[in-house]
Amino acid sequence: RMVKRNTVTAAAAAAAKYCQPGMAIPHDPLRGCRQYPAVSGVALAIPVITRGLQAVAGELHRKLGSVFTVSFLGMIKVTFLVGPELQGDFFSRLDSEVCQGETYKMTVPVFGRGVLFDVDQATRTEQIAICFEALKPARLRSNVETMVREVEEYFSRWGEQGTVDLKSELNLVILMVASRILLGKEVRETMFDEFASLFGELKDNSMHLVSHYSPTLPISRHRRRNAASAGLKALFARAIELRRASGRAEDDALQRLLESRYRDGRPVSDNEVTGMLVALLSAGHVTSSNTSTWTGAFLLSSPRHLAAAVDEQRRLAARPVDHAALSAEMDTLHRCIKEALRLQPPVPLLLRSVRRGFAVRTREGKEYEVPRGHGLACYIAFNHRLGRVYRDPGEYDPDRFGPERKEDKAAGKFAFTAFGGGRHACLGEAYAFLQIKAIWSHLLRNFELELVSPFPEVEVNNMMPGPGGKVMVSYKRRKLN
Ligand code: HEM
């Protein structure tokens, strides 16, 4: 039953000064609108700065329940849906009801014109399907050997012992893997340094909050972002020319994109291919790099789980690190990575806009209407720490995903959403796990590691916050047997 916003009770009317028109209105026939589900975003600014977004969200959740609206000067209203049971409304509704497009407009100057969030919904859906086809797990099988070789070569440069900033090391090795598997040998072998410098510039200048709210504001950061994006696309266009001139077909994502066609038979243009490559790198690099670093920080701070992960590698030491080993035989390592993703999801907050209003029902049976025009928020980092879903939610405890506990499954489909879910679920999940496991299985097999700097704090003012500062790790070579 749809709850009409204009049919609130007398009690609700009395509370109207708090429940501004257009807000999600709790429908509680017995108590009326006693809760005040709308809060001012401006009033929240100081608490968010001083106490952090998670703490403030916790307080709002305690006071207002699982559905509440934050209003920014009455102009932007964002409704938060808290808890796995409400995430179907966020992830699975039709794009005509709950739409991604508005909130990803900031990617247009990054990916370039004619790609993804610069095109209509139908074309975007086709382009995403083309990217999915290029990275689907069956396709990646043949790339694993190259991926593992790239990782081995990278760490062969480390000495017998030393101290490194793990964050910058993992950032670089992941970029090398991506340049080989996604972009191909031309970029990896002849243009890597130029590519790495342009991509670094793009990454540093495109993910700040100011770009989210005003992507074309003429500021120096945006000029540098635009130049880096144009430079990257030109570099990929050169790689395409080299590929065509060689007359060879390679086994990488570039080749698969070049050979793709839209459903009507139209080939994907070079501009679209270069834009999709920038999109895949942007979606996949920071997320994988941050997750690898958090995995290291957590493991190296948790002797019991580190020992379990090392034991697993010892058991598998006689086996080659191939696709079967990485995808099916490293359960302990998989859970260690997944737990890092639960505690530090690289995309902590997802936003949508509501195109057609709809009603949601909480687990307590309360109904709310979320009206057209609202923003909709899925605060992944907060949902991942709900005590009713995860036992001791602040603890790093990979065993919670084991067969005895399965805490992510027990609470329903959307209890673990580090990779999103439903209609727009991440298409790089298999690729991300393969490469992070390739890296960490190699590190655990070949090095004794120790975290020698304090456990990292989370970065602020970044849409994809990672571990802040340097993450210093000392290493000593070893061989597991
Ligand atoms: C640990 C690594 C990763 C994490 C945590 C992650 C997370 C996510 C999340 C949360 C979404 C959903 C966004 C939304 O619903 O608005 C998403 C979508 C996406 N991801 Fe990933 N991602 C990772 C790695 C990758 C990689 C390696 C690639 C590609 C190489 C990739 C490509 C994409 C793409 C293209 C989408 C958009 C899908 C769509 O809109 O239908 N991701 N990712």
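Atoms within each ligand, like the ligands themselves, are counted from 1 in listed order.
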* Structure fact -> ligand 1 atoms nearer than 4.0 angstrom to some heavy atom of P346 are 5 (C)
* Structure fact -> Y104 heavy atoms within 4.0 Å reach ligand 1 at atoms 13 (C), 14 (C), 16 (O)
* Does any N/O atom on Y431 come nearer than 3.5 Å to any N/O atom on ligand 1? -> no
* Establish, yes or no, whether a centroid distance under 6.0 Å links the rings of F382 and H61. => yes
* To do: Please determine if Q435 has a nitrogen or oxygen closer than 3.5 Å to a nitrogen or oxygen of ligand 1.
  => no
* **Element-labelled atoms of ligand 1 that are located less than 4.0 Å from some non-hydrogen atom of T291** => 1 (C)
* To do: Answer with side chain, backbone, both or neither: which part of H285 has a heavy atom less than 4.0 angstrom from an atom of ligand 1?
  => neither
* Asked: Does atom CD of E153 have more than 12 heavy-atom neighbours from other groups under 6.0 Å away?
  -> yes
* Please identify which atoms of ligand 1 are closer than 4.0 Å to at least one heavy atom of I128. => 39 (C), 40 (O), 41 (O)
* Structure fact -> Here the atoms of ligand 1 under 4.0 Å from any heavy atom belonging to L135 are 29 (C), 30 (C)
* To do: Ignoring hydrogens and angles, state whether a donor on the side chain of R124 or Q121 is under 3.5 Å from an acceptor on the partner side chain.
  => yes
* Check which protein N, O or S atoms are less than 2.8 Å from atom 21 (Fe) of ligand 1 and report how many there are. => 1
* Asked: Does the separation of the ring centres of F155 and Y475 fall below 6.0 angstrom?
  -> no
* **N/O donor-acceptor pair under 3.5 Å between R263 side chain and E126 backbone** => no
* Asked: Parallel, tilted or perpendicular: which fits the ring planes of F195 and F236, with parallel below 30° and perpendicular above 60°?
  -> tilted
* For atom 7 (C) of ligand 1, which protein heavy atom lies nearest, and how many Å away is it? -> A418 O, 3.3 Å
* To do: Determine the interplanar angle of the F298 and F455 rings, folded into 0 to 90°, and report it as parallel if under 30°, tilted if 30 to 60°, perpendicular if over 60°.
  => tilted
* To do: Go through the steps for N271 and K233 under the test side-chain contact (heavy atoms from CB on, under 4.5 Å), then give the verdict.
  => CA-CA 8 Å; N271 173 59; K233 292 189 70 165; 2.9 Å; yes
* State whether the shortest distance between N or O atoms of R423 and N or O atoms of ligand 1 falls below 3.5 angstrom. => no
* Asked: With a cut-off of 6.0 Å (strictly less than), are more than 12 heavy atoms of other residues, nucleotides or ligands near CZ of R238?
  -> yes
* **Residue L350 vicinity, atoms of ligand 1 by number, heavy atom under 4.0 Å** => 13 (C), 14 (C), 15 (O), 16 (O)
* Asked: Got the closest protein heavy atom to atom 12 (C) of ligand 1, with its distance?
  -> H424 O, 3.7 Å
* Structure fact -> Quick look: L341 vs ligand 1, heavy-atom contacts under 4.0 Å, and the answer is side chain
* Verify, without hydrogens or angle tests, whether S179 (side chain) and M176 (backbone) share a donor-acceptor contact under 3.5 angstrom. => yes
* **Between E133 and S260: side-chain donor-acceptor atoms closer than 3.5 Å** => no
* Asked: Within a reach of under 6.0 Å around CD of E189, are more than 12 heavy atoms found that belong to other residues, nucleotides or ligands?
  -> yes
* Asked: Using heavy atoms and a threshold below 4.0 Å, how should the contact between Q100 and ligand 1 be classified: side chain, backbone, both, or neither?
  -> side chain
* Please confirm whether F416 and H384 have ring centers closer than 6.0 angstrom. => yes
